[in-house]
Amino acid sequence: MRVWVLVKLSLDTSQLRFSGDRILIEETPLRINDIDRNAVEEAVRLKERGIAKQVSILTVLKYPPLKDRVKEADGLIRQLLAMGADEAYVVADDALILTDPMVTSIVASEVLKANGYDIIITGEASIDGYSGQVPAMIAARLGIPVVTYVKELKVDNGIVTVRRDLDNETQVVDSRAPLVVSVTREINMPRIPTVIQIRLAIKKPIKLLTLNDINVRINKVINVKGIKAIQVSRRGIIIDSGSVEEKAEKLIEYLTKDNVLR
């Protein structure tokens with residue numbers, strides 16, 4: 001089986017740079033989307049069990065400045081290659097900057113169709129956008145099943161059996177490959193590569209592609225002008241006089257005035 005892992009290099013939400021209430025995207029570093037490490041770990045485990053013959057990483061760069069992000073991506077992707085993945089594909093093009101999940105699914109689907117696939121593993125969502133839409137979009141474009149929120153995955157004779165978590169129940173689902181699987185953090189604990197694995201990863205191929213290389217043209221439906229942070233501030237009102245009943249009445253009065261209570 002050929003297993004792919006779709007990885008997003010997200011904005012590092014713990015190191016956001018600001019100018020007033022505007023997030024400075026160009027100055028905020030990238031990081032490997034946390035849950036995508038779990039996806040890579042699961043793919044490598046399939047390889048170790050002899051189920052996957054090859055594990056490929058696929059990422060679509062979406063944040064400016066493109067030239068700097070390509071260099072940044074090289075170091076981040078090699079962390080995943082050190083975990084045991086065999087190769088990586090990075091799609092980088094000016095036309096992809098700040099595009100929406102639909103565009104990601106179009107680009108990823110074309111790369112997958114051109115190279116062949118059996119199981120496509122993703123994280124359930126990204127730490128910055130957290131739309132959770134891309135796995136289903138890719139499956140729809142490829143015309144294959146998708147199973148989401150997977151916390152356990154087994155493969156036997158081409159049958160993929162997963163256990164998935166929902167709000168009020170756990171489901172066990174069987175499906176034949178090819179299919180798309182989005183996993184949760186609970187599925188495993190991602191390994192920490194050894195020094196030797198990190199050195200070996202330097203020799204593994206990272207293939208840089210543009211939209212021309214995959215014969216894709218993008219018409220932007222959404223144009224992002226900027227991203228602003230939500231400003232949260234306290235009212236700073238202290239009720240320190242009166243009896244307990246009077247304080248409670250005063251609190252209700254303030255909450256009603258602010259439309260918290262109606």
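Residues: numbered from 1 along the sequence shown. Not measured: the values here are computed from a predicted model. Below, all heavy atoms of this structure are taken into account, side chains as well, without hydrogens, waters or symmetry copies.
Both V111 and I218 belong to a single network of hydrophobic side chains, linked directly or stepwise wherever heavy atoms of I, L, V, M, F, W or Y lie under 4.5 Å apart. In this structure, L98 is a member of the same hydrophobic cluster as L16, with clusters built from ILVMFWY side-chain heavy atoms closer than 4.5 Å. Following chains of ILVMFWY side-chain contacts shorter than 4.5 Å, one cannot reach V60 starting from I57, and the two form parts of different hydrophobic clusters. With hydrophobic clusters built from ILVMFWY side chains whose heavy atoms lie under 4.5 angstrom apart, V134 shares a cluster with L209. In the hydrophobic clustering of this structure, V3 does not group with V180; members are Ile, Leu, Val, Met, Phe, Trp, Tyr whose side-chain heavy atoms approach within less than 4.5 Å, directly or through other members.
Rounding to the nearest 0.5 Å places OG1 of T104 at 8.0 Å from CG of L6. Note that OG1 of T59 is 4.0 Å distant from CG of L9, once rounded to the nearest 0.5 Å. A distance of 7.5 Å separates CG in L66 from CG in D93, rounded to the nearest 0.5 Å. With rounding to the nearest 0.5 angstrom, the CD atom of E72 is 9.0 Å from the CG atom of L61. In this structure, the separation between CD1 on I214 and CG on L112 is 10.0 Å, given to the nearest 0.5 Å.
Scored by the side chain to side chain contact (heavy atoms under 4.5 Å, CB included) test, I192 finds no partners at all (sequence neighbours excluded). Under the rule for a side chain to side chain donor-acceptor pair (under 3.5 Å), Q133 has no partner lying at least two apart in sequence or in another chain. Residues that satisfy the side chain to side chain donor-acceptor pair (under 3.5 Å) test with K247, not counting sequence neighbours, are absent from this structure. For Q54, the side chain to side chain contact (heavy atoms under 4.5 Å, CB included) test picks out R2, S56, D86, E87, with sequence neighbours left out. Applying the side chain to side chain contact (heavy atoms under 4.5 Å, CB included) criterion to T194, with sequence neighbours excluded, gives I196, Q197.
Under the 3.5 Å distance criterion, with hydrogens and angles disregarded, no donor-acceptor pair is assigned to the side chains of T210 and N212.
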Exercise for review: Take L211 and V107 through the test side-chain contact (heavy atoms from CB on, under 4.5 Å) and record every step on the way to the result.
Suggested key: CA-CA 8 Å; L211 291 182; V107 172; 3.9 Å; yes
Review point. Between V7 and L58, does a side-chain contact (heavy atoms from CB on, under 4.5 Å) hold up when you go through it step by step?
Key: CA-CA 6 Å; V7 171; L58 172 58; over 6 Å; no
**Study point:** Candidate pair I23 and F18, rule side-chain contact (heavy atoms from CB on, under 4.5 Å), full reasoning
**Key:** CA-CA 5 Å; I23 297 175; F18 292 93; 3.6 Å; yes
Exercise for review: Quick one: do R69 and K67 satisfy side-chain contact (heavy atoms from CB on, under 4.5 Å)? Show the steps, please.
Suggested key: CA-CA 6 Å; R69 296 307 194 187; K67 186 177 180 180; over 6 Å; no
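The minimum heavy-atom distance linking R17 with Q15 is given by the pair NH1-O, 2.6 Å. Of all heavy-atom pairs spanning L81 and P205, the tightest one is CD1-O, 4.4 Å. The minimum heavy-atom distance linking T28 with D12 is given by the pair CG2-O, 3.8 Å. Considering every non-hydrogen atom in both L11 and I127, the closest pair reads O-CD1, 3.9 Å. Contact between L96 and V91 at its shortest, heavy atoms only, is CD1-CG1, 3.8 Å. Nearest heavy atoms, R31 versus S14: NH1-OG, 4.0 Å.
D94 places no side-chain N or O within 3.5 Å of a backbone atom of I97 that could act as its donor or acceptor partner. The backbone N or O of S243 sits less than 3.5 Å from a side-chain atom of E246, completing a donor-acceptor pair. Judged by distance alone, the side chain of K204 and the main-chain N or O of R78 form no donor-acceptor pair under 3.5 Å. A distance-only check finds a donor-acceptor pair linking the side chain of K62 to the backbone of D100 [under 3.5 Å].
Applying the ring pair (Phe, Tyr, Trp, His ring centres under 6.0 Å) definition to pairs two or more places apart or across chains, none involves residues 36-87. Every pair tested for ring pair (Phe, Tyr, Trp, His ring centres under 6.0 Å) that includes a residue from residues 197-227 fails, sequence neighbours excluded, so the list is empty. The list of ring pair (Phe, Tyr, Trp, His ring centres under 6.0 Å) pairs with a residue in residues 88-120, not counting sequence neighbours, reads W4-Y89. Note on residues 159-204: no pairs pass ring pair (Phe, Tyr, Trp, His ring centres under 6.0 Å), not counting sequence neighbours. Every pair passing salt bridge (charged side-chain N to carboxylate O under 4.0 Å, His left out) that includes a residue from residues 105-117 is listed here, sequence neighbours excluded: E110-K113.
In the displayed structure, R49 atom CZ is contacted under 6.0 Å by more than 12 heavy atoms of other residues, nucleotides or ligands. Dense packing is recorded around CE of M1, with more than 12 heavy atoms of other residues, nucleotides or ligands lying under 6.0 Å away. The environment of R199 atom CZ is sparse: at most 12 non-hydrogen atoms of other residues, nucleotides or ligands sit within 6.0 angstrom.
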Which atom pairs, one a donor and one an acceptor, fall under 3.5 Å between side chains of residues 136-151 and the rest of the protein, sequence neighbours left out?
residue, atom, partner, partner atom, Å
R141, NE, S105, OG, 3.3
T148, OG1, R164, NH2, 2.8
K151, NZ, D165, OD1, 3.4

Report all side-chain donor-acceptor pairs from residues 35-43 shorter than 3.5 Å, counting only partners two or more places apart or in another chain.
residue, atom, partner, partner atom, Å
D36, OD1, N33, ND2, 3.2
D36, OD1, G123, N, 3.1
D36, OD2, K8, N, 2.8
D36, OD2, N33, ND2, 3.3
R37, NH2, Q79, OE1, 2.8
N38, ND2, R185, O, 3.3
N38, ND2, N188, O, 3.1
N38, ND2, N188, OD1, 3.1
E41, OE1, R191, N, 3.0
E41, OE1, R191, NE, 2.8
E41, OE2, R45, NE, 2.7
E41, OE2, R45, NH2, 3.4
E41, OE2, R191, NE, 3.3
E41, OE2, R191, NH2, 2.9
E42, OE1, N188, ND2, 2.9

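A 4.5 Å side-chain heavy-atom check between T161 and D156 finds every atom pair outside the cut-off. Counting only heavy atoms from C-beta outward, the side chains of V90 and I206 approach each other to under 4.5 Å. The shortest distance between side-chain heavy atoms of V216 and I106 falls below 4.5 Å. Counting heavy atoms from C-beta on, the side chains of V181 and I120 never come closer than 4.5 Å. When side chains are defined from C-beta on, L179 counts as touching I119, because their heavy atoms get closer than 4.5 Å. A heavy-atom distance below 4.5 Å is not found between the side chains of V44 and L46.
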